[in-house]
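For reference, the structure discussed in these notes is given below.
Whatever order the structure lists ligands and atoms in, that order sets their numbers, starting from 1. A quick note: this is a predicted structure, and the numbers were derived from the prediction, not measured.
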Amino acid sequence: MYKNKAVQEWVEEMARLTKPDKICWLEGTEEERQRLTEEALATGELIQLDQGKMPGCVLHRTAVNDVARVEHLTFICTPTREEAGPTNNWMAPAEAYSKLGKIFDGSMRGRVMYVIPYLMGPPGSSFSRVGIELTDSIYVVLNMGIMTRMGRVAMEHLGDGDDFNRGLHCTADKDPDRRFICHFPQDNTIWSVGSGYGGNVLLGKKCLALRIASYMGRHEGWLAEHMLIVGVEDPEGNVAYIAAAFPSACGKTNLALLRPPETFPGYKVWTVGDDIAWMRIGEDGRLWAINPEAGIFGVVPGTSYKTNPNAMQMIQKDTIFTNVVLTPEGTVWWEGMDDNPPKHGFDWQGRPWAPESGKPGAQANSRFTTPLRQVPTLSPEWDNPQGVPISAIVFGGRRAKVAPLVYESFNWEHGVYVGATMASETTAAATHDVGVVRRDPMAMLPFCGYNMGQYFHHWLEMGRRMEKPPQIFHVNWFRQNGDGGYLWPGYGENLRVLKWIIDRCRGKIGARETPIGYVPHANDFDLSGLNLTPAVIQELSKIDREAWQEEWRAQGEFLKKFGDDLPAELRREYQSLGERIKME
Ligand code: OXD
Ligand code: MN
């Protein structure tokens, strides 16, 4: 149906391998979406929610063993192990094609192969990239329809060319022993088999927009990052854009959709993206960013009118829910939504469930998929083919101790060091122990498609090429007092931290120099309307020398991993930090 020869030939080749009964080429129309939704409702792949209360909303349940990204089954298949680096699982390309080829062989027998052309980024933008995903799952098709610009628009962007990502996905038997997510950066190819969970199968997202794109970015001189993008508008109407990286499930979506609290009027926050940023150096020497996605695949538990009112508003219609509680009214519920759980309902596995059981009803990594156009605070610039200019890059993590509320790095090189050594207590977005401190450079540990030592080199090089690089900051909303209580109210109030960051970028306020960077002066951090004294900012900005010595040693241990690939600049930053802490 589409004329592109390279696409046709590749689809035929993959069909010879997977042997579907039928091939269905997608156009991305509303009629097509409705037809596929009906089909999935008929087979039980989707469950209809009450269309009066939640129009256009459906529920999907994944297999019990298939609820998160599987980092141990995710591979970077570069010709040499060295190219994948010490933080990725590596498999030789020939071995991966052969091993997965055996699983894919005949895997779509009796099934339909859907051909999903999709565009990451605005149509007509030089940032944008085309992918074609082949899948046997309607759930994947419908999610990709929300998360990307799907169908004809992508084929038009591609034209007659053959520069497209070749993504093959088959749900197969969901046997974790036959589950692999393999990336072939040199071939612009992704093969994913044995899973039906979003992060493993919506190939435009983590697989293309981060792992493959980071590799492309290094070769072509741009950055693909695990970052939200927001614009902050001050009372005078000036907008500054911030890109921020946090590990999975650390509140990126909350920050991206932040609603200014009543205690802090006059400011507006504009959402450009909540998960991924592609950034290029503009002719003006600044860094410009787009969000390659068109939807949000957000973590559900903990989302509430208190934590994220904009998200709550936007997920009342045209949303796919995955692994949440189904109520008898045909609506959905999850832990942390409100204090009114249904008296009974069905848990994420579809079993009768009541809150008294004491067991969670929603899966810890349950998700919503919603089009960006439903975001109440969507930036008018979200679709701008040029992107938006970035004033500040913010790294952050979930740390009960050590990291202050906010600090600014001394310069780009130091900022890269701060990003390279950032750490966070783990969450449920991937299958591993929850709550242990894990170093996660730039929040890209699971998403960098090549050797991370080389990735640090690339960041440093980008800094050298920019005339006006963004300033780099680090934040931690999660610092606790001695009793385990949070010192900072978080959520909407985080806007105050963004304001401080922007004021610093505009050279409007001073700061206190510490061994780790610049922290706010307690009395020029805006606490107006908040029942907190400047002393709390002092407490939140305290640099505990012993804790930092320990932290510095742990950073050194981590950096050793990269051996000779670690840039000399970061080695120097490490030495200087050690000396500054000692002298404190
Ligand atoms: C996500 C993740 O789904 O980071 O965004 O895991
Ligand atoms: Mn993410």
Side-chain angles (χ1 to χ4, degrees), residues 60 62 66-74 87 120 139-140 143-144 146-148 181 183 190 192 195-214 223-230 243-257 271-278 289 291-303 308 311 315 319-324 334 362-370 372 375 394-398 419 422-434 438 440-449:
H60 172 78
T62 65
D66 190 23
V67 293
R69 286 183 291 98
V70 278
E71 291 175 12
H72 61 296
L73 304 175
T74 298
T87 58
M120 302 306 290
Y139 172 75
V140 169
N143 273 274
M144 288 292 283
I146 295 175
M147 296 305 297
T148 72
I181 325 295
H183 304 71
I190 305 157
S192 166
S195 172
Y197 169 75
N200 302 324
V201 301
L202 307 180
L203 300 186
K205 193 175 181 61
K206 302 303 186 183
C207 301
L208 171 54
L210 289 176
R211 297 194 189 98
I212 298 282
S214 60
L223 290 168
E225 296 298 326
H226 191 200
M227 289 181 179
L228 65 93
I229 309 167
V230 285
F246 301 83
S248 307
C250 282
K252 283 222 312 292
T253 306
N254 290 347
L255 188 62
L257 272 69
T271 309
V272 179
D274 84 310
D275 196 39
I276 298 176
W278 285 357
N291 170 15
E293 301 191 283
I296 298 189
F297 180 64
V299 177
V300 169
T303 305
N308 196 336
I315 62 181
T319 292
I320 301 173
F321 291 92
T322 303
N323 291 343
V324 296
W334 51 83
Q363 208 280 331
N365 187 36
S366 49
R367 298 279 173 150
F368 60 78
T369 320
T370 302
L372 266 177
V375 174
V394 177
F395 296 121
R398 181 186 284 272
M422 68 190 246
S424 192
E425 286 136 26
T426 52
T427 66
T431 46
H432 44 45
D433 293 338
V434 170
R438 153 164 122 150
D440 187 350
M442 284 80 170
M444 282 288 279
L445 189 70
F447 306 123
C448 185

Could you tell me the separation between the CD1 atom of I320 and the CE atom of M147, rounded to the nearest 0.5 Å? 10.0 Å
Report yes if some N/O of K205 lies less than 3.5 Å from some N/O of ligand 1; otherwise report no. no
Taking N or O atoms only and a 3.5 Å limit, does Y197 qualify as a polar contact for ligand 1? no
Sub-3.5 Å donor-acceptor pair from the side chain of N291 to the main-chain atoms of V272, do we have one? yes
What residues form a side-chain hydrogen bond (donor to acceptor under 3.5 Å, both in side chains) with [X], not counting sequence neighbours?
| X | result |
| --- | --- |
| T319 | T370 |
| T253 | D274 |
| H60 | none |

Shortest non-hydrogen separation from L255 to V230 and the atoms involved: O-CG1, 3.9 Å
With atoms numbered from 1 as shown, which atoms in ligand 1 lie under 4.0 angstrom from a non-hydrogen atom of [X]?
| X | result |
| --- | --- |
| H226 | 4 (O) |
| S248 | 2 (C), 4 (O), 6 (O) |
| D275 | 5 (O) |

Got a salt bridge between K206 and E293, using NZ or NE/NH1/NH2 to carboxylate O under 4.0 Å? no
Would you say the side chains of S195 and R69 form a donor-acceptor pair under 3.5 Å? no
Quick one about D440 and S424 (side-chain donor to acceptor, distance below 3.5 Å, no hydrogens or angles considered), yes or no? no
K252 to ligand 1, any heavy atom closer than 4.0 Å: no
Within less than 2.8 Å of the Mn ion (ligand 2), the count of protein N, O or S atoms comes to 3
